[in-house]
Structure formats: structure tokens, C-alpha cells
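Just below is one structure, and these are the notes that go with it.
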Amino acid sequence: MTLLAKLKGRTWVMTAAALAVLVAVNILLQPNFLEASVVRSNLTTFLPLVLVAVGQTYVIIGGDIDLSVGAIVALVNVVTVTTIAGLGGDGPAVLAGLVVGMAVGAGCGVLNGLIIAGLRFQPIVTTFATSIVFSGLALWVLPQAGLPVPEPYWRTYAGEVLGLPTVYLIYLAGFLLAAVLAARPFMTRLRAVGGLRTAAFQTGLRLGALRVAAFALSGLYGAFASLALTGETASGDPLMGQTLAMSAISAVVLGGTALSGGVGGTLGSVLGALVVGMIGSVIFFAGLPFEYQTLVQGLIILAALAGGVLVARR
Amino acid sequence: MNRFASLARNPLLISAAAILALLAIGEAVSPGFARGDQIVRLLTVAAILGIAAAGQNLVILGGREGIDLSIGAVISLGAVIAGNVMNGADAAIPLAFAGAAGVGFVIGVVNGLGVTWLRIPPLVMTLGMMGVIQGGLVVLSRGVPSGNAAPALMAFVNRSAFLGIPGILFVWAGLAGLMALVLNKTRFGWSIYAIGANETAAVLTGLPARRIRVLLYGLAGLCGGLTGVCVIGYTGNSFISVGDQYVLPSVIAVVIGGTSLAGGAGSYTGTALGAIALVLLQSVLTTLNLEYWGRQVIFGVTLLLLMLLYGRQSRLRV
């Protein structure tokens, strides 16, 4: 009981423990689990979810929610792929595509934020409505899946830069951005906005700007996730990433961020996303009959969510 | 002037005006759009959404960030259960309704227990439940579609029962009447508004808020199960993700019908009008002969414009 009391507000410790258990189980199931190549391939698979979960964390801490991030992933993918193809597909074109993609992601987030914070709309229904718009635009840009990205793009993504795997460099860059943000007053202010909105307003915080910034970050991290996914699939797909928003919300909550806002952090969300990914991996290698895999995964995630919430509330 | 302003913000009036405007646009674009049999057809689609939205309406009214994201999976489950129970036999229709409603109710009660006793946020609890049910459906069906609707059920949804109007519309009208009666005239209805508006005060006056909330989630599951039976009656057969398309539209119908997502305020009459407006909007966009992406963009933007009229949150500056 006292142990649980000490853990209060530090749900990420529980998440880390759950992750350790999952790693142990995975090592038992697949003896080569810790080999560098297997670790790298797993982390590559988990990367998009980790990135989307980190972005979603800012929005949720600010007391909102972003259901549109899956559609943003699709829109960024088709815009990037089309831009690269339109500019001829050489090095500068790839670079331009990446920049345009990130700008589109952040722009979608800013739009969400302006509508929700500026016009006082409900975040759930608003981001659902904007996700319909973003998906529609993605289908306009690229009506059908296809349009491959040039070889240097996916080769670089799967390969190494300066002796380090590109995927690890993206993890590093994502963490650095999150760490810089965590050390700035921004994070404290955002927690205030999500925790006690009226009080935050009365202390003179610029609520609107903070909430728009949170949505912009969600869009930007959605763009990172999309560019990573594009490196994996090496082509455009207007229906990409549809389940990402919901999985990311599970990951964020597993990581100890409260949906009511004001409590939590990005480190927990990274751990939560890894837990979600590892659960899938354990189930895949446990030799369960195929048709039971989704059910068991759903049950474990539900149990983990319930357990995490219980620890946080004690 | 004030009176006019409050009329202009009345969700029922706005939904009704939106419905008339959409009918006029539809008739202008494609003559015959607002013909009687076409309207009946649209109302049938709206009825299916409306029954699901009734459940969604109840959990949202009950407050505490109430929402049921598992309702789509429950609809799929209800359709699969009903299809396999009936297998084309009219005699098994009552059993199909009972089975789908019963299973839906039990799932809803589990949601409610998770939300109240374990204090899991409703969004997360029902999202997790959605995953579990979808997994269960894969096990149940082994990935192969099975079961089909009985002829009498398909007639109930698709063919005229009286004066050209199918039975499902009479049932939906009855449901709307029942919801209005329960919400406005019974202790149970008042207690829903009470726990939705201020749970602490409601508990202090002696209301069993937790039990009421568990029941609300149970009723939402029940509505989901019944919707599933109607869905299979409409299409004839089912697949395991047939209900997914109803999840967020059921929430949108509630919101554009004037029920606050914060709980404690709203009506089912508004939700029913919201469901009709939503289905009409989709139908008008289909007749506009636009490409799919254009329809999607206009649909999303129109939803945002509808929310602009009401359903906004209160100002912090007073």
C-alpha cells in the first residue's frame, strides 16, 4: 500500500515495469530478441506509433484530444510523395518533400488548434470533422495508392547515416525535441491549462496560443510518423495510418497521462507506445491461433489500461 | 431581439431548418429527391443511426465525459449474432433481437462498471472494449462472413408496413416518444440530468449515481445490439466491421442535436433531428455528382459550420 502510494503520479514506473516484463517474455519466446538486427527491426516497426503518441501527449496534457492525427499522417504522406515526384525525384526534391510534409502536418495541427481554442469547439467532434476533411484532401492529392518514392529515400531510411541507423537518429531527434520542450516553461504552462483551465486563464496564461501550439506539435509529430512510415512502405497511400490515432491514445494513457489533462509526460507515452507494440509482438510469437490474436491483444490492453488507472488513482 | 437570438440558437429549430434547406437543395439539384418514397428511404437510414444515437445520447447526458466508442463494435456483434441466430428463418427473429440486445446490454454494463467502479475514463474504457469485441468477432466468425437476415426482418426495415412506411420508422417514432417521456416525465430521466449536471449534488440528494451510470452504459449497449439487428435487416447480411461507420456519426448526431458533450443538457428529439440532418447531408452530397474527395471535404466543413451555430463551449472570460 505504501509502495503504491509512493508510485502515485508516477505511472510511467509501472509502465516501465510492464515493459520489462514484456521484454523478458519476448526473450523467452524468441531467443534472438536482443540481437541488434531484431531490436532494430522492432524499433523500426514501433517508431510511427511512438512519434504519434508523443505528439498526442501535448494535446492531452492541455486538456484536449486529437482524433485527426491518423488523417494527418495520410495527408502528409501523399503530399510528400507527390511533391518529390513533381520536382523530379532527385536529392533536393526529396528534401523539399520532407519540408513540405512537415509544414502540412504542423499546418493541419494549427488549424485544429485555431478552430478548437479560438472558436471554443469540442475537441472530439471537431477533430473528427477535420479528419474527414484531411482524408478527403488526401484522396484529392493522390486518388489511389501508388506513386513510389525514389530509391535514396527508403534506402536512407532503412540504412545508416554517420554510422548510426537512420531510425535511431529519428528516435534521437524526436527525444531531443521532447526533452527541450520538457525543460521549457511551455510544459508547465500546458499542464496548468489542462489541469485547471479557469485558474490558468486568471493567472494570465495565453491559453489560446498554448493549446494551438499543442495541436501544432501533434500535427508535426504526426508528420514525422508519416515520413517514417513512407520510408517503410516506399510509396504513397491516401488511406495510411487510419488506426494510429486510437492506438496512440491507448499508448498515452498507458504511459500515465490523464485524459482529463494536466498530468503526464512524453516519456511515459514513449514507454506506453513500446508496451502496445511489444504486446503485439508477444502475441505473435506466443503461437496463439491466428484468430485469437486480436482478442487477446484487446484484453491485455484493456487490462493494462485498467491497471494503470488504478495505480494512478490510489 | 433577445427572444429572436435565443430562437436562432435553438438546436431543434436549427436542425429542422437544416433538414428543410437540405431537402430544397436536393430537390433543386436532382428533381425527385424530396419525393415521398425517397424521404422514407432516407428516414430508414436515419432510423438505424438514430437508434444507435439514442444509446450514445444517454451516456453523454449522464456526464463525467460520458461517451461510448464501443457502440460500433457492439453493432457489428449484434448483426453477426442476429444473422447466425436467424439464418434466414422468420421464427427466430424474436430470439435474434433478444440475443443481440442481451449481449449488448451485458457489454454495456461491463463498460459502466469500468467507468464507475474502476474509474477508467469512458473514452479509454470503451476504446479498449472496442478492441476486445473486434477481437471476439474475429474468433466468432473465423474471418468468414456467416448468417443472414430473415425475410420478415428485411421487410420490416425495407418494405411498407402501413401507408408506404416501413415498420422500423414506427418503431423509431415510438422510441423517440419513449425517450422524451422517460427523460422529461420520470424520476429516472430527471436523475440522468441531475448526475450529468452536477454529480456531487446528485449524490448528496441521495441518488445512486453509480448504479444509474452503469445502467446508462448498459442501455447504450442494448441500443447498439438492436441497431445491429436493424443493420442486418437493412443489408441482408453482415461482416465483422459493419458497425464501425456508426461510431462517430452517432456522437455527431447527438452534438448537432444540441446535447452538450459535458452532460446534463439536451434532448433525444434533437438527436433524432440531428441523425436525419446528418443522413440527408450525406445523401445531398451524393446527388451533387462530386468526386468522393469533394464530398468528404464538404461533409467535414458542413459539420464544422453546424457546430459553429451551437455546441460551443462556454467562455472563460465572464
Side-chain angles (χ1 to χ4, degrees), chain A residues 65 67-68 71 115-116 119-126 128-141 143 197-198 200-202 207 238 246-247 249-250 252-254 258-260 289-310 312-313, chain B residues 64-65 67 69 73 110 114 118-125 127-143 240 247-249 251-252 254-256 260-262 291-308 311-318:
Chain A
I65 199 156
L67 298 185
S68 72
I115 296 176
I116 289 164
L119 298 175
R120 307 196 308 273
F121 276 30
Q122 299 272 9
I124 293 181
V125 278
T126 306
F128 171 57
T130 56
S131 79
I132 297 175
V133 175
F134 298 153
S135 313
L137 291 176
L139 283 166
W140 171 57
V141 175
R197 195 161 285 170
T198 320
F201 175 73
Q202 282 160 352
L207 260 67
M246 293 300 188
S247 306
I249 292 171
S250 302
V252 171
V253 173
L254 277 180
L259 271 187
S260 47
F290 172 74
E291 64 263 31
Y292 286 94
Q293 289 182 4
T294 336
L295 176 63
V296 174
Q297 180 160 7
L299 283 171
I300 295 178
I301 289 180
L302 188 58
L305 289 171
V309 169
L310 277 184
R313 291 284 163 87
Chain B
R64 271 266 190 103
E65 296 161 7
I67 194 165
L69 293 184
V110 174
L118 296 178
R119 290 195 276 166
I120 305 174
L123 189 88
V124 177
M125 179 67 213
L127 184 64
M129 182 58 82
M130 180 176 96
V132 172
I133 302 170
Q134 284 172 341
L137 276 167
V138 177
V139 175
L140 264 181
S141 68
R142 309 206 167 248
I240 60 173
V247 181
L248 288 164
V251 179
I252 296 265
V254 172
V255 171
I256 62 178
S260 153
L261 276 184
E291 277 184 79
Y292 180 73
W293 72 266
R295 291 210 302 267
Q296 291 287 94
V297 171
I298 297 177
F299 183 55
V301 171
T302 315
L303 290 182
L304 291 172
L305 289 177
L306 277 174
M307 283 180 243
L308 190 61
R312 291 166 69 190
Q313 293 167 315
S314 57
R315 271 178 189 282
L316 286 170
R317 188 183 289 121
V318 282

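Numbered from 1 within each chain, the chains take letters A, B, ... in sequence-line order.
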message: To the nearest 0.5 Å, what is the distance between CD1 on B:I67 and CD1 on A:I124?
response: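 Here the rounded value is 4.0 Å.
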Interatomic spacing from CD1 in A:I301 to CE in B:M130 - rounded to 0.5 Å: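 Interatomic distance, A:I301 CD1 to B:M130 CE, rounded to 0.5 Å: 10.5 Å.
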Which portion of [X] sits near chain B, non-hydrogen atoms under 4.5 angstrom:
{"X": "A:Y292", "result": "both"}
{"X": "A:I249", "result": "side chain"}
{"X": "A:L299", "result": "both"}

Give the member of [options] that has the highest number of heavy-atom pairs under 4.5 Å with chain B.
{"options": "A:I115, A:T294, A:I65", "value": "A:T294"}
{"options": "A:A138, A:G136, A:S250", "value": "A:G136"}
{"options": "A:L139, A:L67, A:V125", "value": "A:V125"}

- request: Name the member of B:L69, B:T302, B:L127 that forms the most heavy-atom pairs with chain A at distances under 4.5 Å.
  value: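 Sorted descending by pairs with chain A, the first entry is B:L127.
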Is it the backbone or the side chain of [X] that comes under 4.5 Å from a heavy atom of chain A, or both, or neither?
{"X": "B:I133", "result": "neither"}
{"X": "B:I298", "result": "neither"}
{"X": "B:E291", "result": "neither"}
{"X": "B:L261", "result": "both"}

Identified side-chain contact (heavy atoms from CB on, under 4.5 Å) counterpart of A:V253 within the set B:I120, B:V124, B:L123: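 Of all the options given, the one that passes is B:V124.
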Please report the shortest heavy-atom distance between [X] and [Y], naming the atom on each side.
{"X": "A:A129", "Y": "B:L303", "value": "CB-CB, 4.0 Å"}
{"X": "A:I132", "Y": "B:G300", "value": "CG2-N, 4.1 Å"}
{"X": "A:L302", "Y": "B:M129", "value": "CD1-N, 4.0 Å"}
{"X": "B:P121", "Y": "A:L259", "value": "CB-CD1, 3.9 Å"}

- prompt: Is there side-chain contact between B:Q296 and A:L137, with at least one heavy-atom pair below 4.5 Å?
  reply: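 Answer no - side chains too far apart.
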message: Using side-chain heavy atoms (C-beta onward) and a distance below 4.5 Å, is B:V251 in contact with A:F128?
response: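 No. Closest side-chain heavy atoms not under 4.5 Å.
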